[in-house]
Asks: 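Provided herewith is a single structure, encoded as structure tokens, for subsequent inquiry.
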Amino acid sequence: MSKYPLKKLEIEEKITELINKMTLDEKIGQLNQLGPSPLGGFEISLKEKKQMLEAGRITKEEFEAEVSEMKWDDREDDIREGKIGSFLSIRDVKKVNRFQKIATEESRLGIPLLIGLDVVHGLRTIFPIPLAESCAWDDEVYEKSAEIAARETASMGINWTFAPMVDIARDARWGRIAEGAGEDTYLTSRFAAAKVRGFQGKDLSAPDRIVACAKHFAAYGAAEGGRDYNSANMSLQTLWDTYMPPFKAAVDAGVATIMGAFNDINGIPCTTNPYLYNEVLRNMWDYDGMVVSDSCAVSECLLHGNVETRADAAMETINAGLDMDMHSKCFIENLKDLVLAGKVSTETLDKAVRNVLRIKFAAGLFDHPFVDEALPEKVLLCKEHRAAALDAALKSIVLLKNNGVLPLSKKAKIAVIGELAESRSDMLGTWAAMGQAEDCVSLLDGLKNQGCEIIYERGFNVSGEFDGDAILKAIADADVVIAAMGETKDMSGEASSLADIGLHGRQNEAAKLIKAAGKPLVSVLFNGRPLAIEELNDTADAIVEAWHLGNEAGNAVTKVLFGDYNPTGRLTTTFPRHTGQCPLYYNHVPTGRPASAVQHSCKYYDIPVEPVFPFGFGLSYTEYDYSDLKVRVLGDKIIATVSVKNTGTVNGTETVQLYVRDKVASLVRPVKELKGFKKVELKAGEEKQVTIEVDKNTLGFYNAKMKYVVEPGSFTLWMGHDSSSSLCTEFTL
């Protein structure tokens, strides 16, 4: 059951009373959401608009409206007539209040609007991208950042975010890997629940909370070849074991809305899939929330090829259980005729309308549709919020390599190379909502804030510019060189899949030039995906994975570089040696010829089996020793304990990870799966016993008959620093 059920008797009675008053047009209007561009929620370039026209994605009339800057008009008359239930991507609090005033005071029934925006990792205060933040392995961090995002978003009158994204992503080529919590089902499920709690709180109608939306349902992260919007083909067992649990976790946490995915699964577009919406969500999970399409996904069913007309697309999607059409206008244009022709029943239509109205009531919009227009100035990017963004950024950084060069001395003469070092805008990352470059702290800014002596030379950039002479001149008198490397913010996120996830341009050449000059090299990576950095790993003395960390990026990175903060981040995605290894993830199945040094095994002939950095990996400025692993089964609990000792000279925080393997099962099982973790603070020389409990039911899987089973037998259990840890024991169920 949800933490707070959306379906309440007094609300349902109000909805019934309202539906009984509605005309057919007014009902359909509630299911219609509009946005500002041909793609819905975000503006696109003139070049892409022309490409969409040439590809038949938009009409000539739509293109001409865009070019003439007519765009979509404010549709105030449509609001008065009850023809719009929701807008997306309005970023003006005065406009929001004006639209709500028209909807609630000038329309016949006074139904407020849902105002949606992709607030993925902050509104104006920008936190680390979700992939980065997941590396904190910290439910409190996940929840706090969502809570602050909700507070800022609600202050603008925006009451709905299209987040969290809870897709499992195992292919680093996929650009949208940046938006989620990585490759692991268990970790992503915890991330999903925490984000829902943060956005919605204990009372969804509270003035500082907003409606959350778990997306993309389902299996969008399994897009073939890592190409965005591509097909996902898999067994039902894989779908349910790997991709469904994070959505179930979001539903159990009370998520009010769910977004359908662009992709098809096994030939059926998710937008028209009654199994997903009617069977799974409504019947199996007893879900009372609303289901919205992704942007223009209803009309895109024509391009999938499973419908012939826009009317067919509207019919198939609403009959499948979709409640709201995001921007394609297929519902508003076709549902009336479909209902009158009996192709969509009144019962189906009313059910969708009820689901939409239920969210509006639950969010308190009927009672409080307006916001104080002076509130944003008090809330956005306030001191408290920036402090939380810095805390999240610090905990998201992963130290990947350190040959003793870190932490740096503030008395050292430091050369800084690379265009990303001075870029503030690239610190924002993908989907930065209302984030502004001028609000960001770059790496260069952060170093200046530390008061140390620095020499900066751009020297190279991601797109291929390279000036070797300038680099050598800049580093000539330096004690150490920091090279800012990785990706710009536009290289990851939606529609930014890459065929090559290595370092682009001549970045590796720059690293080798610096190293050949005899200078200690610290590489700071800014990126939105795991990168294939085997070559850099062979060159650099230290590698700091900084991701796209948001407003406080530069301050967070420099605190780590100088040892003011002992890094605690752990990877939530595997770093491959080469793009050709993708998809690569730790919890794969063993096969009949498991990967090894043996030639006739499941591996690539031309590269080693092991990744550059495994899932769960991350270094510290101290070291930890594990010993005395014990496990016992007590009823429905598996209780594991291990001793962890800080063997270094500085205090630190270790993330103890627990993995399990079902040794013999009726279906092939992964080599190991994360089933629990716990963070423990240890002073230098201190030792603690750490206990993690695992629910027996989480050790099951869907068998050949699609029944969830926990089979008796022997299991191997590991506790350690990351997924490659060797300290293990066994237990029997």
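If you read the sequence from its start, that first residue is 1, and numbering goes on from there. Quantities reported herein were computed from a predicted structural model and do not represent experimental measurements.
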Asks: So, the side chain of D92 versus the backbone of K94: is there a donor-acceptor pair under 3.5 Å, distance only?
Replies: yes

Asks: How would you list, by chain and number, every residue that makes a side chain to side chain donor-acceptor pair (under 3.5 Å) with Y621, sequence neighbours excluded?
Replies: none

Asks: So E152 and H385, side-chain hydrogen bond (donor to acceptor under 3.5 Å, both in side chains) or not? Walk me through it.
Replies: CA-CA 9 Å; E152 292 195 355; H385 294 180; 2.8 Å; yes

Asks: With a 4.5 Å limit on heavy-atom distance, are the side chains of I168 and P246 in contact?
Replies: yes

Asks: Rounded to the nearest 0.5 Å, how far does OG of S293 lie from CZ of F262?
Replies: 8.0 Å

Asks: Minimum heavy-atom separation for F562 to L408, with atom names?
Replies: CD2-O, 3.4 Å

Asks: Y287 side chain to V255 main-chain N or O, any donor-acceptor pair under 3.5 Å?
Replies: yes

Asks: Which atom names give the shortest non-hydrogen contact between H327 and G35, and what distance separates them?
Replies: ND1-N, 2.9 Å

Asks: For V398 and C135, work out which heavy atoms get closest and say how close.
Replies: CG2-CB, 3.9 Å

Asks: Indicate yes or no for a side-chain donor-acceptor contact from E147 to the backbone of A149 under 3.5 Å, with no hydrogens or angles considered.
Replies: no

Asks: Could you tell me whether E81 and R108 make a salt bridge, using a distance below 4.0 angstrom between a side-chain N and a carboxylate O?
Replies: no

Asks: I need the single residue from D208, L123, I115 that forms a side chain to side chain contact (heavy atoms under 4.5 Å, CB included) with T153. Which is it?
Replies: L123

Asks: Is there a side-chain contact between V166 and F217, using heavy atoms and a 4.5 Å cut-off?
Replies: no

Asks: Do we get R75 above F99's six-membered ring, with its NZ or CZ under 6.0 Å from the centre and within 45° of the axis?
Replies: no

Asks: Donor-acceptor pair, Q30 side chain versus L357 backbone, under 3.5 Å?
Replies: no

Asks: Go through K8 and E13 one step at a time and tell me if the salt bridge (charged side-chain N to carboxylate O under 4.0 Å, His left out) criterion holds.
Replies: CA-CA 9 Å; K8 299 177 181 178; E13 290 175 346; over 6 Å; no

Asks: Judged by atom type as modelled, is there a donor-acceptor pair below 3.5 Å linking the side chain of Q33 to the main-chain atoms of M324?
Replies: no

Asks: Go through the structure and list residues passing side chain to side chain donor-acceptor pair (under 3.5 Å) with T573, not counting sequence neighbours.
Replies: none

Asks: So that I can tick it off, tell me whether K489 and D426 are bridged by a salt bridge, with the cut-off set at under 4.0 angstrom between side-chain N and carboxylate O.
Replies: no

Asks: What donor-acceptor contacts under 3.5 angstrom involve side-chain atoms of residues 368-379, with partners at least two apart or in another chain?
Replies:
from	atom 1	to	atom 2	distance (Å)
D372	OD1	A374	N	2.9
E373	OE2	N97	ND2	3.0

Asks: Between CG of D77 and OG of S107, what distance do you get to the nearest 0.5 Å?
Replies: 12.5 Å

Asks: Thinking salt bridges, do D252 and K248 make one under a 4.0 Å N-O criterion?
Replies: yes

Asks: Atom CD of E422 and atom OG of S442: how far apart are they, to the nearest 0.5 Å?
Replies: 7.5 Å

Asks: Could you work out, with side chain to side chain contact (heavy atoms under 4.5 Å, CB included) as the rule, every residue matching T653, not counting sequence neighbours?
Replies: T568, K679, E681

Asks: Report the distance from atom NZ of K559 to atom CG of N449, rounding to the nearest 0.5 Å.
Replies: 9.5 Å

Asks: Could you note down all residue pairs passing salt bridge (charged side-chain N to carboxylate O under 4.0 Å, His left out) where residues 352-366 supplies at least one of them, sequence neighbours left out?
Replies: E12-R354, E12-R358

Asks: Under the rule for side chain to side chain donor-acceptor pair (under 3.5 Å), what residues qualify as partners of T161, not counting sequence neighbours?
Replies: none

Asks: Using a 3.5 Å distance criterion without hydrogens, assess whether the side chain of H121 forms a donor-acceptor pair with backbone atoms of F127.
Replies: yes

Asks: Please check: side-chain N/O of Y142 versus main-chain N/O of G198, any donor-acceptor pairing under 3.5 Å?
Replies: no

Asks: Provide the closest heavy-atom pair for A556 versus A393 in the form atom of the first, atom of the second, distance.
Replies: CB-CB, 3.6 Å

Asks: Assess whether side-chain hydrogen bond (donor to acceptor under 3.5 Å, both in side chains) is satisfied between Y220 and D228, documenting all intermediate values.
Replies: CA-CA 9 Å; Y220 186 33; D228 214 352; 2.5 Å; yes

Asks: Can you check whether K83's main-chain N or O pairs, donor with acceptor, with D78's side chain at less than 3.5 Å?
Replies: no

Asks: Under the salt bridge (charged side-chain N to carboxylate O under 4.0 Å, His left out) rule, collect the residues that match up with D184, sequence neighbours excluded.
Replies: none

Asks: Hey, does K410 have a side-chain heavy atom less than 4.5 Å from the side chain of D564?
Replies: yes

Asks: By side chain to side chain contact (heavy atoms under 4.5 Å, CB included), which residues pair with A178, not counting sequence neighbours?
Replies: I129, T430, S492

Asks: In Å, rounded to the nearest 0.5 Å, how long is the span from NE2 of H548 to OG of S396?
Replies: 13.0 Å

Asks: About how many Å separate CD1 of I359 and OG of S86, when rounded to the nearest 0.5 Å?
Replies: 11.5 Å

Asks: Any Lys/Arg nitrogen of D288 or K7 sitting under 4.0 Å from an Asp/Glu carboxylate oxygen of the other?
Replies: yes

Asks: Under a 4.5 Å cut-off applied to non-hydrogen side-chain atoms, are P245 and Y186 in contact?
Replies: no

Asks: Does the side chain of Q450 come under 3.5 Å of the side chain of N555 through a donor N or O and an acceptor N or O?
Replies: no

Asks: Go through the structure and list residues passing side chain to side chain contact (heavy atoms under 4.5 Å, CB included) with A146, not counting sequence neighbours.
Replies: K195, F199

Asks: Between K101 and E105 (salt bridge meaning N to carboxylate O under 4.0 Å), is one present in this structure?
Replies: yes

Asks: Does V119 reach the side chain of W160, with side-chain heavy atoms less than 4.5 Å apart?
Replies: no

Asks: Output all residues satisfying side chain to side chain contact (heavy atoms under 4.5 Å, CB included) with A362, sequence neighbours left out; order by chain, then residue number.
Replies: L6, L204

Asks: Looking at residues at least two apart in the chain, or sitting in another chain, which of them share a side chain to side chain donor-acceptor pair (under 3.5 Å) with E106?
Replies: R80

Asks: When you measure from the side chain of K395 to the backbone of V141, do you find a donor-acceptor pair of N or O atoms at a distance under 3.5 Å?
Replies: no

Asks: Are any side-chain N or O atoms of D323 and backbone N or O atoms of V291, one a donor and one an acceptor, separated by less than 3.5 Å?
Replies: yes

Asks: Looking only at heavy atoms, what is the nearest atom pair of V120 and P130, with distance?
Replies: CG1-CG, 3.7 Å

Asks: Salt bridge (charged side-chain N to carboxylate O under 4.0 Å, His left out), that's the test. Do D138 and R570 meet it? Break it down for me.
Replies: CA-CA 11 Å; D138 192 325; R570 303 290 181 263; over 6 Å; no

Asks: Between E140 and R197, is the closest basic N to carboxylate O distance under 4.0 Å?
Replies: no

Asks: Can S205 and D203 be counted as having a side-chain donor-acceptor contact under 3.5 angstrom?
Replies: yes

Asks: Between the side chains of K21 and E17, is the shortest nitrogen-to-carboxylate-oxygen separation below 4.0 Å, so that they form an ion pair?
Replies: yes

Asks: Scan residues 433-450 for pairs that pass salt bridge (charged side-chain N to carboxylate O under 4.0 Å, His left out), counting only residues two or more places apart or in two chains.
Replies: R124-D439, R424-D445

